[in-house]
Amino acid sequence: MSMLYVSDSAPTTQPVLVLRRATQSSQPCQYVETLKEHGLNLIECFTEEAALEATRSGCRVGLLIVTQESDLAFLDDCEKFVSNNHVSWVGLVAQDLVALPRMREFIGEHLFNFITIPADLDHIVLTLRHAWGMSFMRDVRQNPQLSQPASTEAAADFVMVGKTPQMQQLFGQLAKVARTDASVLITGPSGTGKELAALSIHRQSARRNAPFVAVNCGAIAPQLFQSELFGYEKGAFTGAVQRKIGRIEAAQGGTLFLDEIGDMPFDMQVNLLRFLQEKTIERVGGTDTIEIDVRVIAATHIDLADAVRHGRFREDLYYRINVVCINMPPLADRGQDIEDIAKYYFSKFASAHNRSLRGFSKAAMNAMLSHPWPGNVRELVNRVQRATVMAEGRFIQPEDLGLDRNADHSQLMSLEDARAAAERTMIRRALSQSRNQISRAASLLGVSRVTLYRLIEKYNIRPDMMAAGRPPFANTTAPHDLEVHK
């Protein structure tokens, strides 16, 4: 996997989290709009929940805007969030507020730096860039691998951990896809790291020094989709007092990641399809056609082929985004990776929350290896972070993880369940070895194609080439172990 460069363009090509008071959501900020017009990738939020979601886009730097004395109450609402994440915060503060004790206390305890309003644009960009660089160097101290240059031969990424065959195969797929500009659909259960996989593709691609813009399609109100994706011109509607650059245009030259694309409103899908076909957009209220050069990666936890069959997702859009399909394996199927991921994030969180901790007890590790992990990697990371906060001894115990020490994980399953588990495992292994070629997999298992299809349906197994609801294609020009829909 590739590593992230420290470059003179940061953070102009990296997302910057902007946090303002919720009551200001309808009042465009002059500085935010100006920074956007000059190419900065700003993710504007008005609540702690929205900001927490935005940090998953890889924000290293945040811009906290406080322009009125009434904004001081907002500091109490966001203080816990600002102090408990790895974002370096820069304050943009009205000059007369700096003298107030509450503001000065907040600046001293939580902000990397602050700038008084009125402020010079170049000064703001320089301060954000400095904060980004210091944040990067802090992470390098915790993980020296980050300082290595990007390489398609790198075996691990600082946000994706795994040594099992499933993950080694996934790493190989991501590296192959990164060498092309083909659209990618990443599937898999929630919490398996679909956005991290998309970010890995971006970092290994020729677009690595351009923006990576993540859009959570399930978090945008339907009536805001058009303006969020395509932007709008000044005066396009009531409240549009400044031009706004949309998410698509903000990703110019880089990668646009559409997370949970299955939640996109049906009437917006045709607009996205037109953009993917023509590579141009028009801002809401505008007449100029803008050429856009971006690579599109989409992700979903639902079965899009089934959504197409039920009329919830456009078939033409499905095949447009599903040029290459990559499936993320659930954590429960990754065995040893559970221990490796837990240890990696332990070192990350323990240094911040509890330096006296030495690791996991044997009981805690056994509990993690026995847990079914319905929330996948996200659940594991959250439990490890919780444990580094709650643990009182030198070693983390099952109770610190929120797991039951006394649960009888050794209880025997029924013969029927054991047979089902064995069949499911062998089918997945045969499909993997045969590159999802049904005839070859059936031959390896010693069953007919009809029987294999029946078992796949019985156990709800969705290999990449079965996701489209038809047999795999042959003679494609893409890597041989990736599905390509023509």
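Residues: numbered from 1 along the sequence shown.
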Check step by step if side chain to side chain contact (heavy atoms under 4.5 Å, CB included) holds for I220 and M264. CA-CA 9 Å; I220 302 177; M264 178 176 287; over 6 Å; no
V323 vs T180, test: side chain to side chain contact (heavy atoms under 4.5 Å, CB included). Steps then yes/no. CA-CA 11 Å; V323 176; T180 76; over 6 Å; no
Please determine whether side chain to side chain contact (heavy atoms under 4.5 Å, CB included) holds for the pair M365 and M368, giving the CA-CA distance in whole Å, both sets of side-chain angles, and the decisive distance to 0.1 Å. CA-CA 5 Å; M365 189 58 68; M368 286 190 292; 3.6 Å; yes
Steps toward side chain to side chain contact (heavy atoms under 4.5 Å, CB included) verdict (Q173, L170): CA-CA 5 Å; Q173 291 178 336; L170 174 64; 4.1 Å; yes
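Residues passing the salt bridge (charged side-chain N to carboxylate O under 4.0 Å, His left out) test with D400: none are found, sequence neighbours excluded.
Ring geometry for F313 versus Y318: interplanar angle over 60°, hence perpendicular rather than tilted (30 to 60°). F360 and F346 have tilted rings, their planes meeting at an angle from 30° to 60° on a 0 to 90° scale.
Checked by atom type, the side-chain pair D337/T164 shows a donor-acceptor distance below 3.5 Å. With 3.5 Å as the limit, one finds a donor-acceptor pair spanning the side chains of Q336 and E339.
Side-chain contact check for I115 versus N113: every heavy-atom pair is 4.5 Å or farther apart. Two residues are said to be in side-chain contact when any heavy atoms from C-beta on lie closer than 4.5 Å; R428 and L431 fail this criterion. Residues L196 and V377 form no side-chain contact, since every pair of their non-hydrogen atoms from C-beta on lies 4.5 Å or further apart. V215 has its side chain out of reach of I248: every pair of non-hydrogen atoms, C-beta onward, lies at least 4.5 Å apart. Here the side chains of F114 and L64 are not in contact, with every heavy-atom distance at 4.5 Å or above. Side chains of T34 and I124 form no contact here, defined as non-hydrogen atoms less than 4.5 Å apart. Side chains of I292 and F230 form no contact here, defined as non-hydrogen atoms less than 4.5 Å apart. Residues V389 and F349 form no side-chain contact, since every pair of their non-hydrogen atoms from C-beta on lies 4.5 Å or further apart.
Taken from CG in L185 to CD1 in I297, the straight-line distance is 10.5 Å, to the nearest 0.5 Å. Atom CZ of R179 and atom CD1 of I201 lie 12.0 Å apart (nearest 0.5 Å). We find the CD1-CG distance between I245 and L42 to be 11.0 Å, quoted to the nearest 0.5 Å. Atom CD1 of I341 and atom CE of M167 lie 7.0 Å apart (nearest 0.5 Å). Annotation: the span from T192 atom OG1 to I186 atom CD1 amounts to 9.0 Å, rounded to 0.5 Å. The distance from atom NE2 of H110 to atom OG of S88, rounded to the nearest 0.5 Å, is 14.0 Å.
Put simply, the side chain of R208 gets close to the backbone of R203: a donor and an acceptor are under 3.5 Å apart. H301 contributes no side-chain N or O that, together with a main-chain N or O of G191, makes up a donor-acceptor pair within less than 3.5 Å. Judged purely by atom type and a 3.5 angstrom limit, S347 uses its side chain to pair as donor or acceptor with the backbone of Y344. Checking side-chain atoms of R295 against main-chain N and O of A182 turns up a donor-acceptor pair under 3.5 Å. Using modelled atom types, no side-chain atom of R386 and backbone atom of N382 make a donor-acceptor pair closer than 3.5 Å. Side-chain N or O atoms of N216 include none that pairs as donor or acceptor with a backbone N or O of E260 at under 3.5 Å. A distance-only check finds no donor-acceptor pair linking the side chain of W373 to the backbone of P330 [under 3.5 Å]. Side chain of D303 to backbone of A305: a donor-acceptor contact under 3.5 angstrom is found. Put simply, the side chain of R383 gets close to the backbone of L401: a donor and an acceptor are under 3.5 Å apart. Judged purely by atom type and a 3.5 angstrom limit, K194 has no side-chain atom pairing as donor or acceptor with the backbone of D259.
By the neighbour-count criterion of 12 heavy atoms within 6.0 Å, atom CZ of R102 is densely surrounded, having more than that number from other residues, nucleotides or ligands. Surrounding CD of E69 are at most 12 heavy atoms belonging to other residues, nucleotides or ligands under 6.0 Å away. With a 6.0 Å radius and a threshold of 12 heavy atoms from other residues, nucleotides or ligands, M268 has its CE atom above the threshold. Within a 6.0 Å sphere centred on CD of E392, other residues, nucleotides and ligands contribute 12 heavy atoms or fewer.
Among all heavy-atom pairs drawn from S183 and R320, the shortest one is CB-O, 3.7 Å. Nearest heavy atom pair, residue V90 against residue F112, reads CG2-CD2, 4.4 Å. The shortest heavy-atom contact between F225 and P265 is CE1-CD, 3.2 Å. Heavy atoms only, all atoms of each residue included: Q252 and A210 are closest at O-CB, 4.4 Å. A pairwise comparison of heavy atoms in A332 and P372 identifies CB-O, 3.5 Å as the closest pair. Contact detail for I396 and A364: the closest heavy-atom pair is O-CB, 3.2 Å.
The residues R207 and D293 are annotated as salt-bridged, a charged nitrogen and a carboxylate oxygen being separated by less than 4.0 angstrom.
A side-chain contact (heavy atoms from CB on, under 4.5 Å) with V66 is found for exactly one of L92, I117, L19, L97, namely L97.
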